[in-house]
Trainee: 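What follows is a structure written as structure tokens; I'll ask about it next.
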Amino acid sequence: MSTHTDPTPKFREYAHPERLVSTEWLAEHLNDSSLVVVESDEDVLLYETGHIPGAVKVDWHLDLNDPVTRDYIDGEAFARLLGRLGIGRDTTVVIYGDKSNWWAAYALWVFTLFGHDDVRLLDGGRAKWIAEDRPLTTDLPERAPVDYPVVQRDDSAVRAFREDVLAHFGHPLIDVRSPLEYSGERTTAPEYPEESALRAGHIPSAQNVPWGKAAAEDGTFRSRQELEALYQDQAGLSPDDDVIAYCRIGERSSHTWFVLTHLLGYDRVRNYDGSWTEWGSSVRVPIVKGAEPGEVPAVPVSA
Amino acid sequence: MSGPAASTALPASLQEIQEEFLALETRDRLLLLLDYANDLPELPARYGEHPERLERVTECQAPVFVAAEAPEGVVHVYAQAPAEAPTTRGFASVLVHGLGGLALEEALAVPDDFPNTLGLDAAVSPLRLRGMSGLLGRIKRQLRAA
């Protein structure tokens, strides 16, 4: 039996209200046996400083990335991970994290690659839970391991590779990085280390909509009306568009993927996780510098 | 002599820290790093009231600032990082405790790969450990210029 949807009025405006839960709702449902709370942060130690009672930890780097190949873990490793955490295939998973759920959205997107059906975000994430003085604990939950089935990862629906981007020109691309990364003054966000890309700029024709614009000051998602103004009125997207979003390694664009897919109801959005660290180091792919999107390259491009 | 080659040139303070980490299982190494994070000393007023005197460590994802000095040849390291970034605080604290009180020459001779010898790869990830290497590099550069 799956867990009920949070009836918060704000969520009902969204295309898929069942993808979000409020802090109030989660506080009431923490002991539901059909629900597991997952914390996923940028900082690998934040969970250890105190987490929502009963929450388990998933680290994007240590748990979700393959340790050798630049790729996500495979079906066997995902089954081991979720089984160890006591998550079954029909468990409701609520993910929360730091930085407006930046990394939580990334974890949710990876869960989606494995077709985990009921996976939700805590609106406002870790910061909102703490701001409301809700309980934290350093006690590790004792969850009995379960059998999670080995499900092959399906990259076709929500993941784009470099070749897909080259074949995508003429359709909307959304660059969710900061304006300085987009224009090519930097290869990483202003607060982040300069690393990992040999060229700076953006993919030709990509619109710049920094991911954080979808989040309010308190880390919650903006209302549907505000999101439509941002992505439709300003960036010119429409719900039937075929869209690819990217950032530096695909984490910030997971947040935008979540907004377009689950809050605005677009059903053809893919996240290009190779993102700028791949594109900006690839040989002979077209790049535009400056604040303007630039022209759609003459197709076909073969790099 | 025993132990990895990288440790042979380590001052006793850093070697103790290294042994402390390596004696633990992976998960407990993470908790030890958290202990260090909680034990990062407050900045003295001359830095706390003048944050511009600290250098931003851009290799770390979280905002962390560091100052190193060696008045009369004895090293002091000061660092500041937010509570929401415990990994970075932990890295800084390890270096503040391990380098503080060393002779200038000893601190400058600390191998650049010290952060990679604490057994934290599996607990923290090599990518994140670059942050501690960046910290150590900047501390040594400041000391060299002092």
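Note: hydrogens, waters and symmetry copies are ignored here, and every other heavy atom, side chains too, is used. This structure is a prediction, so every number in the text was calculated from the model and none was measured.
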Trainee: Any side-chain heavy atom of D43(A) sitting closer than 4.5 Å to one from P86(B)?
Mentor: yes

Trainee: For the CG atom of L46(A) and the OG1 atom of T87(B), what is their distance to the nearest 0.5 Å?
Mentor: 8.0 Å

Trainee: Is it true that atom CD of E142(A) has more than 12 heavy atoms of other residues, nucleotides or ligands lying nearer than 6.0 Å?
Mentor: no

Trainee: Quick one: closest heavy-atom pair of R128(B) and E42(A), and the distance?
Mentor: NH2-O, 2.9 Å

Trainee: Considering only heavy atoms, which portion of A37(B) lies under 4.5 Å from any heavy atom of chain A: side chain, backbone, both, or neither?
Mentor: neither

Trainee: Nearest 0.5 angstrom please: L45(A) CG to Y36(B) OH, how far?
Mentor: 14.0 Å

Trainee: Residue by residue, scan residues 51-59 of chain A and write down, ordered by number, those that have a heavy-atom distance under 4.5 Å to chain B; if none do, write 'none'.
Mentor: K57(A), D59(A)

Trainee: I need the minimum non-hydrogen distance between V44(A) and A123(B), along with the two atoms involved.
Mentor: CG2-O, 3.8 Å

Trainee: Can E48(A) and R27(B) be counted as an ion pair, charged N to O under 4.0 angstrom?
Mentor: yes

Trainee: Tell me, for L140(A) versus chain B, whether the close heavy atoms (under 4.5 Å) come from the side chain, the backbone, both or neither.
Mentor: side chain

Trainee: Name the atoms and distances for all side-chain donor-acceptor pairs under 3.5 Å in residues 98-111 of chain B, with sequence neighbours left out.
Mentor:
| unit_1 | atom_1 | unit_2 | atom_2 | d |
| --- | --- | --- | --- | --- |
| E106(B) | OE1 | A103(B) | N | 2.9 |

